[in-house]
Amino acid sequence: MGWRFRYDGLAALFGFALKGREEPFVVTVTGEAAIRPPMMRRPLAPPPKSGPRYNEFITVPKVRVIDDEGENLGVMFTQEAIEQAADVGLDLVEVSPNADPPVCKFLDIGKFKYEAQKKANIARKTQKTQELKEIKMRPNIDDHDYDTKMKKVHDFIGDGDKVKITLRFRGRELSHQQLGMNLLQRVAENVAEIAKVEAYPRMEGRQMLMVLSPK
């Protein structure tokens with residue numbers, strides 16, 4: 001598609017004059033016109049949702065800088081520190097944001113995040129979640145069953161878990177609740193060195209409950 005320019009007596013604009021011609025003159029220019037495309041800005045990475053700030057996300061004007069060898073380079077303008085980190089192929093990472101001024105270090109941000117996530121995963125795997133275990137007994141339990149149940153109580157407490165002791169009363173046993181109180185007191189005394197009573201004995205329907213937790 002060509003370009004059309006209307007001439008209305010301003011021939012000097014094109015560097016020539018037209019004699020004896022009064023009507024408007026139209027000049028047609030054919031061929032594709034070279035138009036420079038608009039400049040495209042490099043998209044900025046989204047700000048970090050978690051973890052330390054780094055590079056352009058560090059908003060303070062000055063920071064204290066530690067290089068990749070651990071040497072204190074002193075306080076410098078943030079932009080200058082970013083450029084120095086880039087010169088050695090690293091990022092400027094904020095490692096102590098509450099200091100005045102904040103402390104930053106030359107690090108590889110990708111590797112830094114990977115190592116931090118790896119440590120968090122290991123800590124989460126090794127962290128023990130306390131559970132509430134239940135041991136059921138009868139008010140008139142015999143000594144053999146009692147010893148078996150108490151072994152489990154010791155195991156649960158040793159693992160860091162809480163233990164709920166549940167006594168179930170049947171028929172006329174409900175009229176002898178003191179037997180249950182005596183049994184739960186015996187249990188508490190047997191584990192006194194490793195556990196404490198978190199919830200003292202109470203009745204819930206036909207059951208008497210007590211909760212132990214590790215000391």
Side-chain angles (χ1 to χ4, degrees), residues 45-55 57-59 66 68 70 91 93-100 102-215:
K49 295 181 179 180
S50 61
R53 297 185 297 180
Y54 60 94
N55 294 342
F57 303 118
I58 302 174
T59 57
I66 308 297
D68 54 317
D91 303 286
V93 181
E94 192 177 52
V95 295
S96 184
N98 296 325
D100 186 19
V103 178
C104 296
K105 192 172 182 179
F106 293 174
L107 296 169
D108 182 326
I109 186 61
K111 184 177 180 181
F112 180 82
K113 287 184 175 181
Y114 172 79
E115 293 294 338
Q117 185 63 45
K118 186 177 179 181
K119 290 180 181 179
N121 291 340
I122 293 175
R124 186 162 50 248
K125 288 181 180 179
T126 56
Q127 183 179 9
K128 168 66 177 178
T129 301
Q130 190 177 57
E131 299 179 8
L132 178 62
K133 305 292 186 177
E134 183 178 20
I135 295 293
K136 296 181 180 180
M137 297 184 182
R138 293 292 307 283
N140 58 350
I141 188 173
D142 60 51
D143 291 339
H144 176 73
D145 287 344
Y146 177 82
D147 292 340
T148 301
K149 299 285 187 179
M150 289 306 299
K151 184 179 184 304
K152 291 184 178 180
V153 172
H154 278 82
D155 290 342
F156 291 147
I157 294 295
D159 290 339
D161 295 320
K162 296 181 181 181
V163 180
K164 179 172 71 172
I165 309 296
T166 303
L167 302 185
R168 178 75 175 177
F169 293 88
R170 295 179 180 177
R172 295 182 180 180
E173 292 177 347
L174 194 59
S175 61
H176 300 284
Q177 295 183 13
Q178 188 59 41
L179 292 176
M181 291 293 295
N182 293 341
L183 177 59
L184 293 181
Q185 183 177 358
R186 179 184 175 189
V187 170
E189 291 175 353
N190 287 350
V191 296
E193 293 185 1
I194 60 173
K196 60 183 179 181
V197 178
E198 181 175 293
Y200 286 92
R202 69 181 187 278
M203 291 295 300
E204 288 188 3
R206 302 184 69 88
Q207 298 183 137
M208 182 177 290
L209 311 176
M210 180 177 70
V211 178
L212 304 170
S213 62
K215 283 188 174 180

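- With hydrogens and angles disregarded, no donor-acceptor distance shorter than 3.5 Å links the side chain of Lys136 to the backbone of Arg168.
- Pairing each heavy atom of Pro97 with each of Pro102, the nearest pair is O-CG, 3.9 Å.
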Side chain to side chain contact (heavy atoms under 4.5 Å, CB included) assessment of Met137 paired with Val187 = CA-CA 11 Å; Met137 297 184 182; Val187 170; 4.2 Å; yes
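- Of the candidates Val163, Ile194, Asp159, His154 forms a side chain to side chain contact (heavy atoms under 4.5 Å, CB included) with just one, namely Ile194.
- Between Cys104 and the options Val95, Asp91, Val93, Ile58, a side chain to side chain contact (heavy atoms under 4.5 Å, CB included) holds for only Ile58.
- No salt bridge links Asp147 with Lys151; every basic N to acidic carboxylate O contact stays at or beyond 4.0 Å.
- The CG atom of Leu167 sits 9.0 Å away from the CE atom of Met203 when rounded to the nearest 0.5 Å.
- Considering every non-hydrogen atom in both Ile157 and Ser213, the closest pair reads CD1-C, 4.3 Å.
- Ile135 is not listed as a side-chain neighbour of Lys164, based on a closest heavy-atom distance of 4.5 Å or more.
- A salt bridge is absent between Lys113 and Glu115; no separation between the charged side-chain nitrogens and carboxylate oxygens falls under 4.0 Å.
- For the 3.5 Å distance criterion, the side chains of Thr166 and Gln207 fail to qualify, holding no donor opposite an acceptor.
- You'll find the side chain of Glu94 stays beyond 4.5 Å of the side chain of Val103, heavy atoms only.
- Lys215 and Ala192 make their closest contact through NZ-O, 2.5 Å (heavy atoms, listed as atom of the first residue, atom of the second, distance).
- The shortest distance between side-chain heavy atoms of Glu198 and Lys162 falls below 4.5 Å.
- For the pair Asn121 and Lys118, the minimum side-chain heavy-atom distance is 4.5 Å or more.
- Across all their heavy atoms, Met181 and Pro201 have their closest contact at SD-CB, 3.8 Å.
- In this structure, OG1 in Thr148 is found 11.5 Å from CE in Met150, a value given to the nearest 0.5 Å.
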inquiry  = Checking Asp108 against Tyr114 for the side-chain hydrogen bond (donor to acceptor under 3.5 Å, both in side chains) test, could you report, in this order, the C-alpha distance in whole Å, the side-chain angles of both residues, the deciding distance, and whether it holds?
reply    = CA-CA 10 Å; Asp108 182 326; Tyr114 172 79; over 6 Å; no
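- The line from CD of Glu134 to NZ of Lys152 is 12.0 Å long, rounded to the nearest 0.5 Å.
- The CG atom of Asn190 sits 3.5 Å away from atom OH of Tyr146, with the distance rounded to the nearest 0.5 Å.
- One distance of note links CG of Leu183 with CD of Gln178; it measures 11.5 Å at 0.5 Å rounding.
- Closest heavy-atom contact between Asp161 and Glu131: OD1-N, 3.0 Å.
- Minimum interatomic distance between Asp145 and Asp142 (heavy atoms only, all atoms of both residues): N-OD1, 2.8 Å.
- In terms of modelled atom types and a separation under 3.5 Å, the side chain of Glu173 and the main chain of Arg170 share a donor-acceptor contact.
- Looking at heavy atoms from C-beta onward, Leu132 lies in side-chain contact with Val211 at the 4.5 angstrom threshold.
- Side-chain contact between Thr59 and Arg53: present, with at least one pair of heavy atoms (C-beta onward) separated by less than 4.5 Å.
- Using a 4.5 Å heavy-atom cutoff, the side chains of Met208 and Leu184 are in contact.
- In this structure, Leu212 and Phe156 have side chains that are not in contact, with every pair of non-hydrogen atoms separated by 4.5 Å or more.
- Cation-pi geometry between Arg138 and Phe169 is not met at under 6.0 angstrom from the ring centre and within 45 degrees of the axis.
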